[in-house]
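Presented below is the structure to which this report refers.
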Amino acid sequence: MHVALFQIASPDSEPVATRLRRVGDAIDRESELEKADLLVMPELWGAGYFAFDEYKDRAEPLTGPTVTAARDWATSHRLFVHLGSIVEIDEQGRLYNTSVVVSPDGSVRNIYRKVHVFGYGSREQELLTPGTSITVDSIAGVPSGFTTCYDLRFPELFRSLTDAGAELLAVCAAWPAARLAHWRLFTSVRAVEQQSWLLACNAVGEQHGVSLGGHSRIVDPWGEVLVEAGSDEGFTFAEIDPALPQRVRAEFPALADRRWPPDLSTRVE
């Protein structure tokens with residue numbers, strides 16, 4: 001399975017429509033995407049994660065310009081496109097941080113509304129409605145689950161995806177450079193504890209005075225980093241073995257040894 005991560009910068013001075021065209025042009029120029037099965041993009045690269053005052057104006061439905069563009073990219077390049085996420089507005093006017101995966105035939109394959117909206121130094125909790133569900137879908141024949149940025153700090157979400165059959169976990173993010181060590185830690189740990197492939201695509205550049213960390217990475221079920229990007233905008237490619245999670249789980253059956261909920265007495269002193 002050939003996968004691609006596309007780190008994207010979202011400078012404050014760039015109009016959203018211009019950014020969408022720029023990103024689309026970059027995708028259309030990248031010849032190696034012709035070999036790819038899956039493209040993963042960052043969190044809220046179109047609206048700009050830290051453009052909180054603009055969320056309402058930049059929100060779009062699932063039939064809006066970003067999803068429409070992703071459908072064109074998917075059909076043109078014959079690959080699955082995880083477009084990262086958008087600020088979605090639903091029919092009731094509620095806003096969500098919503099990731100969307102599009103199939104090579106242009107149909108929407110997976111929608112995930114971010115469950116853990118961020119509060120520390122962020123207005124995401126104030127402005128957005130948390131999601132309430134997860135889904136595992138077959139992406140290029142691999143059972144795959146999807147999470148977003150801050151979700152990395154909540155292992156129970158990842159274990160729920162594993163219990164639902166996921167063997168590949170994709171994370172779109174706008175993770176700050178100031179916490180890059182945590183980014184590396186959590187992406188590695190989630191891959192090891194779930195014995196799954198972990199594809200993590202982060203944003204880059206400056207947004208409203210915050211430096212985004214980049215260093216998008218692909219981690220295998222043993223915790224080995226297959227590839228890690230730098231801090232510049234651009235594509236990172238890798239070939240992954242879809243059967244590796246099953247082999248790892250058979251060789252080292254930690255998931256099968258789990259006892260939860262535990263049948264243990266609890267004592268508080």
Side-chain angles (χ1 to χ4, degrees), residues 1-7 27 30-42 70 73-74 77-84 99-105 109-110 112 134-148 151-152 155 157-173 175 183-202 214-230 234-258:
M1 182 180 183
H2 199 61
V3 299
L5 310 178
F6 185 11
Q7 296 193 150
I27 290 172
E30 181 50 65
S31 60
E32 193 166 348
L33 283 176
E34 301 309 314
K35 299 183 292 184
D37 300 294
L38 171 64
L39 169 65
V40 184
M41 304 167 75
W73 302 331
H77 296 277
R78 299 181 182 178
L79 80 169
F80 287 88
V81 174
H82 180 336
L83 61 71
S99 68
V100 181
V101 180
V102 180
S103 296
D105 65 4
R109 185 57 173 265
N110 184 284
Y112 168 69
I134 58 172
T135 305
V136 171
D137 279 324
S138 177
I139 304 299
V142 182
S144 304
F146 304 94
T147 68
T148 303
D151 285 333
L152 277 168
L157 177 63
F158 286 79
R159 183 51 53 90
S160 295
L161 288 166
T162 299
D163 287 344
E167 298 173 7
L168 182 151
L169 302 164
V171 185
C172 63
W175 198 281
W183 168 255
R184 288 178 165 137
L185 171 66
F186 289 130
T187 52
S188 292
V189 168
R190 297 295 162 256
V192 172
E193 70 187 5
Q194 307 309 326
Q195 298 184 309
S196 295
W197 283 105
L198 194 292
L199 315 181
C201 188
N202 196 19
H215 290 269
S216 299
R217 60 209 318 253
I218 298 174
V219 187
D220 79 8
W222 290 116
E224 297 295 326
V225 178
L226 188 63
V227 65
E228 180 173 316
F235 294 90
T236 300
F237 295 91
E239 190 75 29
I240 69 172
D241 179 359
L244 183 58
Q246 293 182 21
R247 295 202 302 272
V248 171
R249 292 172 184 184
E251 179 180 342
F252 191 78
L255 294 174
D257 291 337
R258 182 168 55 131

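Everything numeric in this text was worked out from a predicted model, so none of it was measured.
Proximity of Ile240 to Val142: side-chain heavy atoms (C-beta onward) are nowhere separated by under 4.5 Å. The shortest side-chain heavy-atom distance between Phe186 and Val171 does not fall under the 4.5 Å cut-off. By the 4.5 Å heavy-atom criterion applied to side chains, Glu30 and Leu39 are not counted as neighbours. Using a 4.5 Å heavy-atom threshold, the side chains of Phe158 and Val189 count as separate. Inter-residue side-chain proximity for Ile134 and Leu157 is flagged as met; some heavy-atom pair is nearer than 4.5 Å. With a 4.5 Å cut-off on side-chain heavy atoms, Leu161 and Phe146 do not count as touching. Counting heavy atoms from C-beta on, the side chains of Trp197 and Ile218 come closer than 4.5 Å. For the pair Val100 and Leu83, the minimum side-chain heavy-atom distance is below 4.5 Å.
Applying the side-chain hydrogen bond (donor to acceptor under 3.5 Å, both in side chains) test between His2 and each of Glu34, Glu239, Lys35 identifies Glu239 as the sole match. Residue His82 forms a side chain to side chain contact (heavy atoms under 4.5 Å, CB included) with just one option from Ser144, Cys172, Cys201, and that option is Cys172. Screening Trp73, Phe6, Phe237 for a side chain to side chain contact (heavy atoms under 4.5 Å, CB included) involving Leu33 leaves a single residue, Phe237. Here the rule is side-chain hydrogen bond (donor to acceptor under 3.5 Å, both in side chains) with Thr187, and of Arg217, Glu228, His215 only Arg217 fits it.
Taking CG from Leu244 and CD from Glu224, the interatomic distance works out to 10.5 Å, rounded to the nearest 0.5 Å. Here CG of Leu226 is found 9.5 Å from CG of Leu199. Values are rounded to the nearest 0.5 Å. Rounding to the nearest 0.5 angstrom, the gap separating the CG atom in Leu152 from the CG atom in Leu169 is 9.5 Å.
Under a 3.5 Å cut-off, the side chain of Gln195 and the backbone N or O of Phe252 do form a donor-acceptor pair. Of the possible donor and acceptor atoms, none in the side chain of Asp257 sits under 3.5 Å from a partner among the backbone N and O of Ala254. Panel note: side chain Ser216, backbone Asn202; a donor-acceptor pair is recorded below 3.5 Å. Panel note: side chain Glu193, backbone Arg159; no donor-acceptor pair is recorded below 3.5 Å.
Taking both residues in full, the closest heavy atoms of Ser103 and Arg109 are given as OG-CB, 3.4 Å, listed atom of the first, atom of the second, then distance. Summarising the geometry of Val219 relative to Ala191, their closest heavy-atom pair is CG1-CB, 3.7 Å, with the distance given to 0.1 Å. Summarising the geometry of Ala36 relative to Leu79, their closest heavy-atom pair is O-CB, 3.5 Å, with the distance given to 0.1 Å. For the pair Thr162 and Gln194, the tightest heavy-atom approach, listed with the atom from each and the gap, is OG1-OE1, 2.6 Å. The heavy-atom pair separating Gly230 from Gln7 by the smallest distance is O-NE2, 3.2 Å. The heavy-atom pair separating Ala200 from Leu5 by the smallest distance is O-CD1, 3.7 Å.
For Arg258, the CZ atom sits in a packed shell: over 12 heavy atoms of surrounding residues, nucleotides or ligands are nearer than 6.0 Å.
A donor-acceptor contact under 3.5 angstrom links the side chains of Arg249 and Ser196, judged on distance only.
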Derivation and outcome, side chain to side chain contact (heavy atoms under 4.5 Å, CB included), residues Asn110 and Ile139: CA-CA 10 Å; Asn110 184 284; Ile139 304 299; 5.5 Å; no
